[in-house]
Amino acid sequence: MPKRIMTWREFYITFGVVGYGAWIADSIIGKMLDLVDYGNPSITGIGEFLSYSLIPSSLAVIHFNYFHTTNRWIIGSLFALFSTLIEWILIQVGYENLHGWGFWISIPIYLIVFLFVLPIHYRFIQKRW
């Protein structure tokens with residue numbers, strides 16, 4: 001992976017904000033609306049912790065290692081595709097069970113996150129407003 005100088009401050013902010021956003025999204029989509037279950041729906045385990053906390057946050061940090069304003073659309077689209085592939089694999093192995101959530105709904109959400117939300121977050125933490 002190419003090394004981009006990401007300060008510890010930027011790393012902690014990104015990891016925390018994205019992790020928190022993933023937990024909020026899971027609370028709404030998975031728990032309140034009961035549209036998705038991960039693993040065994042009656043218990044919470046290490047898989048949920050990884051699915052909500054580490055995977056989205058890690059993808060965001062890796063995204064910033066490749067991100068540049070000149071390649072924003074290419075990198076954002078590739079990371080949306082990669083996230084879609086991860087979700088598809090989770091469905092295929094039986095870890096992610098959909099109850100009214102369509103797999104295809106995730107694709108525009110990933111595109112919005114990687115093409116718009118994360119670049120805005122990036123500009124905000126860089127203090128370039």
Side-chain angles (χ1 to χ4, degrees):
M1 175 170 27
K3 216 46 168 156
R4 183 181 98 52
I5 299 174
M6 184 175 205
T7 67
W8 282 104
R9 177 185 166 274
E10 294 168 347
F11 174 82
Y12 282 121
I13 290 171
T14 299
F15 213 83
V17 167
V18 172
Y20 179 73
W23 276 98
I24 294 297
D26 172 62
S27 296
I28 293 169
I29 295 168
K31 304 295 183 214
M32 293 172 60
L33 300 176
D34 196 27
L35 297 174
V36 176
D37 283 327
Y38 293 97
N40 186 343
S42 61
I43 60 172
T44 301
I46 191 73
E48 284 86 2
F49 174 74
L50 294 173
S51 297
Y52 312 144
S53 301
L54 299 180
I55 295 172
S57 299
S58 297
L59 282 174
V61 170
I62 294 169
H63 174 263
F64 285 146
N65 274 326
Y66 290 100
F67 178 79
H68 193 273
T69 54
T70 59
N71 66 0
R72 170 183 169 185
W73 295 98
I74 295 169
I75 294 300
S77 298
L78 287 174
F79 272 83
L81 179 66
F82 185 60
S83 297
T84 303
L85 179 65
I86 290 171
E87 183 173 349
W88 181 79
I89 291 170
L90 291 175
I91 292 169
Q92 295 306 308
V93 298
Y95 181 71
E96 183 175 331
N97 301 305
L98 307 175
H99 309 278
W101 181 265
F103 169 72
W104 299 108
I105 297 171
S106 299
I107 296 171
I109 291 173
Y110 292 137
L111 286 169
I112 290 168
V113 167
F114 285 108
L115 293 175
F116 301 104
V117 175
L118 285 179
I120 290 170
H121 169 78
Y122 180 77
R123 285 182 36 209
F124 181 75
I125 65 173
Q126 292 286 317
K127 297 180 182 179
R128 293 191 299 184
W129 283 93

Calculate, to the nearest 0.5 Å, the distance between atoms [atom1] and [atom2] belonging to [X] and [Y] respectively.
{"X": "Asn97", "Y": "Ile91", "atom1": "CG", "atom2": "CD1", "answer": "9.0 Å"}
{"X": "Leu81", "Y": "Leu111", "atom1": "CG", "atom2": "CG", "answer": "9.0 Å"}
{"X": "Asn65", "Y": "Ile75", "atom1": "CG", "atom2": "CD1", "answer": "10.5 Å"}
{"X": "Asp26", "Y": "Lys31", "atom1": "CG", "atom2": "NZ", "answer": "5.5 Å"}
{"X": "Ile120", "Y": "Ile125", "atom1": "CD1", "atom2": "CD1", "answer": "13.0 Å"}
{"X": "Leu90", "Y": "Ser51", "atom1": "CG", "atom2": "OG", "answer": "6.0 Å"}

Between [X] and [Y], is there a shared hydrophobic cluster once you connect ILVMFWY residues whose side-chain heavy atoms come closer than 4.5 Å?
{"X": "Phe116", "Y": "Phe82", "answer": "yes"}
{"X": "Trp73", "Y": "Ile109", "answer": "yes"}
{"X": "Ile112", "Y": "Phe79", "answer": "no"}
{"X": "Ile24", "Y": "Ile55", "answer": "yes"}
{"X": "Phe103", "Y": "Ile28", "answer": "yes"}

Counting C-beta onward and ignoring hydrogens, is there a side-chain heavy-atom pair between [X] and [Y] closer than 4.5 Å?
{"X": "Ile89", "Y": "Glu96", "result": "no"}
{"X": "Phe15", "Y": "Ser58", "result": "yes"}
{"X": "Val61", "Y": "Glu10", "result": "no"}
{"X": "His99", "Y": "Asp37", "result": "yes"}

Is there a donor-acceptor pair closer than 3.5 Å between any side-chain N or O of [X] and the backbone N or O of [Y]?
{"X": "Arg123", "Y": "Leu118", "answer": "no"}
{"X": "Glu87", "Y": "Thr84", "answer": "no"}
{"X": "Arg72", "Y": "Phe67", "answer": "no"}
{"X": "Ser57", "Y": "Val18", "answer": "no"}

**Report entry** For Leu35 against Trp101, the heavy-atom pair lying closest together
**Finding:** O-CB, 3.5 Å

Query - Ile107 vs Trp104, side chain to side chain contact (heavy atoms under 4.5 Å, CB included): CA-CA, chis, key distance, verdict - result: CA-CA 6 Å; Ile107 296 171; Trp104 299 108; 3.0 Å; yes

Query raised in the report: Tyr38 and Tyr52: ring-ring contact (aromatic ring centres under 6.0 Å, His included), yes or no, with the steps?
Result: CA-CA 10 Å; Tyr38 293 97; Tyr52 312 144; 5.6 Å; yes

Query raised in the report: Can you check side chain to side chain contact (heavy atoms under 4.5 Å, CB included) on Ser77 and Phe114, steps first, answer last?
Result: CA-CA 7 Å; Ser77 298; Phe114 285 108; over 6 Å; no

Report task. Report, as yes or no, whether the 6.0 Å neighbourhood of atom OH on Tyr20 holds more than 12 heavy atoms from other residues, nucleotides or ligands. Result ->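 Counting other residues, nucleotides and ligands, OH of Tyr20 stays at 12 neighbours or fewer.
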
Query raised in the report: In this structure, are over 12 heavy atoms from other groups packed under 6.0 Å from Ile74 atom CD1?
Result: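 Counting neighbours around CD1 of Ile74, 12 or fewer heavy atoms of other residues, nucleotides or ligands fall under 6.0 Å, so no.
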
Query raised in the report: Strictly under 6.0 Å, is that where the ring centroids of Phe64 and Phe11 end up?
Result: no

